[in-house]
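Structure first, then comments.
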Amino acid sequence: MAKHPSNFWLITGWLVLATWGLQACSSSANTGMEYELGEELSAGIATVKPAGKKSFDQPMKHISDENFNRFQIGNSFFRTVWVSAPSSTSARDGLGPYFNSSSCTGCHINDGRGRPPVGDETRLNTMLVRLSVADGAGNHRPHPAYGNQLQNRALPGFQPEGELAIEYEEVTGTYADGTPYTLARPRYALRDLGYGEIGEKLLLSPRVAPPVMGMGFLASIPEEVILAAVDSLDSDGDGISGRPNYVIDAQTGQLALGRFGWKANQPTLLQQNASAFSGDMGLTTSLFPDPHCAETQQACREAISGGQPEVTDEQLNAITAYVSSLGVPARRDAAQPAVIQGKRLFFETGCTACHTPSYQTQALPDFPEMADLNIRPFTDLLLHDMGPELADGRPDGQANGQEWRTPPLWGIGLVDTVNGHTRFLHDGRARNLEEAILWHGGEGTASREAFKQLSAEDRQALLTFLQSL
C-alpha cells in the first residue's frame with residue numbers, strides 16, 4: 001500500500017518550480033536547445049520520486065487527504081483477484097466465463113507496460129487481441145463466435161476461445177553511416193480455437209497493456225487545447241495530419257473526444273476501466289451491464305452471475321480514483337550534457353510534431369489538486385497514420401486501420417526497471433527504443449529518416465534523452 005507523500009519532496013517541488021518561474025523560459029518558448037530549470041518534474045509539483053519497481057504506483061504529490069484515502073481503497077480493488085460465481089467472497093465474484101486476466105494488475109504489472117511472449121512462453125499474459133470481421137462493404141462487426149476480443153482463459157466447464165501465435169521475421173537495414181540494424185516483424189495467427197474456424201475476413205489487433213500511471217493528468221488537459229493541434233488536412237504542409245478520435249460516451253450516449261487506449265477509443269477513465277472489466281475479465285458494470293458474450297455463445301449468457309452489476313459503482317469509482325491519482329516519476333539526469341544534446345535532436349528531427357512536450361492542466365471534478373500543473377507527457381493524444389508496417393487494418397471508433405494515438409513518453413526510461421523488459425509500440429514488436437523509432441512510418445517517416453541520418457554519437461544522445469524521461 002502506498003505511503004502518504006513526504007513533505008520534503010513536496011516542498012522541494014515547490015522550490016524548484018518557484019525558481020523556474022523566476023529564472024527559466026516557459027515551456028511554450030522552450031526550443032529544446034538547453035536545459036529548462038525544473039523540467040525533471042514531469043507532472044510539476046505532483047511529480048513523484050522514482051522508486052525502483054514501484055516508480056509507477058505512487059500517488060501524485062500534493063494529493064488531498066480525501067483523495068489519498070480514495071487512492072488507497074482503489075489500490076486494493078485494482079489488485080483484487082476476481083473469482084467465479086457463486087462464491088463466499090461475493091464482493092469479488094462473477095469472473096468470466098471467458099477472460100484474459102482475473103485482476104487489473106494481472107495485465108498492468110506494477111501499473112506498468114505489458115509485453116508479448118518471449119522465449120519459451122506461448123500464452124499472452126499482459127497482451128490481448130481485438131477482433132472484428134469485415135463484411136466486404138467497408139463495415140466491421142464483432143465475430144459471431146468470438147466477439148470483439150479473444151479471451152484466452154476460461155472457467156472450468158468452458159473452453160478458452162483460443163491463443164495468439166506470433167512468429168518474427170528479421171528485417172535488416174542500414175544507417176547513413178553504414179551501421180547495420182535489424183528489426184523483428186511479427187506475423188500473427190490464431191491457434192487452439194475452441195469454437196470453430198475463424199474465417200478469412202477476420203481482423204486482428206494485438207495490443208500490449210499500456211502503463212496506467214499519469215492518466216489522470218492526461219484527463220485534465222483541456223479539450224480545446226488538444227483540438228487546437230488538429231491538422232487533419234495537413235494545412236501547414238509538415239507531413240503531420242493529427243486528428244481526434246470521437247467515440248460514444250456510454251454515460252451520455254453522445255460522441256466525445258477519445259483520449260485513452262492505443263487508438264484513443266475511450267473518452268474517460270471511468271469508461272476505460274468499465275470496458276476493461278467487461279472485455280478483459282468478463283465482469284459487468286452499470287456502464288456495461290450485459291455479459292461480454294459473442295453472438296453465438298449461449299452458454300456464456302446463461303452462466304451464473306456474480307450480481308447486477310458484478311462490479312459495484314463503489315468499486316468502479318474507487319479504481320477510477322486510483323488510476324486518476326497515480327503520479328508520474330521525475331526524470332533522471334535531465335541537466336546532463338548528453339541528455340541536453342539528445343533533447344535538441346529530438347526537437348530537430350521533428351519528434352515533437354506529435355510528441356507534444358508540455359501542457360497546462362485544469363482541475364478535474366473530484367481532483368481540484370490537478371489544476372494549473374505544468375505537465376510534460378510528450379503526446380498530443382491525437383491519431384496519426386503510422387504507415388502500412390504498423391497497421392492492424394482494424395477501425396476503432398473513427399480511427400482507421402493505420403492510425404494510432406501518440407503514446408505518452410513520460411516514464412519510458414523506467415520500463416525496464418519497473419517491468420523487466422524494453423518492449424515498445426502497440427504490439428511490443430520493438431525490442432528497445434531504437435527499434436521503436438525505426439518502425440515509425442507514415443507521418444513518422446521524416447523523423448525516422450532524420451534519425452537514420454544522425455551519427456552514431458547523436459543517435460545515442462537522442463536515445464539517452466528518451467531514457468531520461
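Counting begins at 1 with the first residue of the sequence. Values below: all heavy atoms of this structure, side chains included; hydrogens, waters and symmetry mates excluded.
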Hey, does the side chain of [X] reach the backbone of [Y] with a donor-acceptor pair shorter than 3.5 angstrom?
X	Y	value
N419	I109	yes
N110	K54	no
Q271	A250	yes
E121	V118	yes
Q341	A461	no
S278	A274	no

Open item on the list: Once side chain to side chain donor-acceptor pair (under 3.5 Å) is applied, do any residues pair with N139, and if so which ones, sequence neighbours excluded?
Closed with: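 So N139 forms a side chain to side chain donor-acceptor pair (under 3.5 Å) with D135.
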
Task: Listed partners of Q336 passing side chain to side chain donor-acceptor pair (under 3.5 Å), at least two apart - done: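 Partners of Q336 by the side chain to side chain donor-acceptor pair (under 3.5 Å) criterion come out as none, since no residue qualifies.
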
- [ ] Answer yes or no: is there a side-chain heavy-atom contact under 4.5 Å between L150 and L124?
- [x]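 No; the side chains remain at least 4.5 Å from each other.
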
Open item on the list: Does any part of the side chain of I375, heavy atoms only, come nearer than 4.5 Å to the side chain of S42, both counted from C-beta?
Closed with: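 Not in contact.
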
With sequence neighbours left out, write down each residue that passes salt bridge (Lys or Arg N to Asp or Glu O under 4.0 Å) with [X], or none if nothing qualifies.
X	result
K53	none
R405	none
R130	none
E403	R243

TODO: Any salt bridge (charged side-chain N to carboxylate O under 4.0 Å, His left out) involving residues 104-114? Give me the pairs, sequence neighbours left out, ordered by first then second residue.
DONE: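 As it turns out, the salt bridge (charged side-chain N to carboxylate O under 4.0 Å, His left out) pairs with a partner in residues 104-114, which skip direct neighbours, are R79-D111.
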
Open item on the list: I need the full list of salt bridge (charged side-chain N to carboxylate O under 4.0 Å, His left out) pairs touching residues 347-369, with sequence neighbours left out, sorted by first then second residue.
Closed with: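 Salt bridge (charged side-chain N to carboxylate O under 4.0 Å, His left out) check on residues 347-369 returns R70-D366, R344-E348.
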
TODO: Kindly write out the residues that satisfy ring pair (Phe, Tyr, Trp, His ring centres under 6.0 Å) with Y181, not counting sequence neighbours, or none if the list is empty.
DONE: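 With sequence neighbours excluded, Y181 shows a ring pair (Phe, Tyr, Trp, His ring centres under 6.0 Å) to Y175, given in chain and number order.
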
TODO: Only counting residues at least two apart or in another chain, list the ones meeting ring pair (Phe, Tyr, Trp, His ring centres under 6.0 Å) with W262.
DONE: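 Testing W262 for ring pair (Phe, Tyr, Trp, His ring centres under 6.0 Å), a comparison that skips the adjacent residues, returns none.
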
Open item on the list: Testing the basics here: between S55 and V418, what is the closest heavy-atom pair and its distance to 0.1 Å?
Closed with: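 Of all heavy-atom pairs spanning S55 and V418, the closest is CB-CG2, 4.0 Å.
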
- [ ] Just say parallel, tilted or perpendicular for the rings of F71 and Y322, cut-offs at 30° and 60°.
- [x]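 It falls in the tilted class, 30° to 60°.
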
Determine whether the side chains of [X] and [Y] contain a donor N or O and an acceptor N or O closer than 3.5 Å.
X	Y	result
R123	N125	no
Y246	Q254	no
N148	H292	yes

Scan the side chains in residues 217-224 for donor-acceptor partners under 3.5 Å anywhere in the protein, sequence neighbours excluded, and list what turns up.
from, atom 1, to, atom 2, distance (Å)
S220, OG, F217, O, 2.7

Task: Residue pairs, two or more places apart or on separate chains, that pass ring pair (Phe, Tyr, Trp, His ring centres under 6.0 Å) and touch residues 413-432 - done: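 Passing the test, one end in residues 413-432: W404-H426.
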
Open item on the list: Strictly below 4.0 Å, N to O, side chains only: are E169 and R185 in salt-bridge contact?
Closed with: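 Yes, charged N to carboxylate O under 4.0 Å.
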
Task: Salt-bridge contact R429-D427 (side-chain N to carboxylate O under 4.0 Å) - done: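 Yes, this pair counts.
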
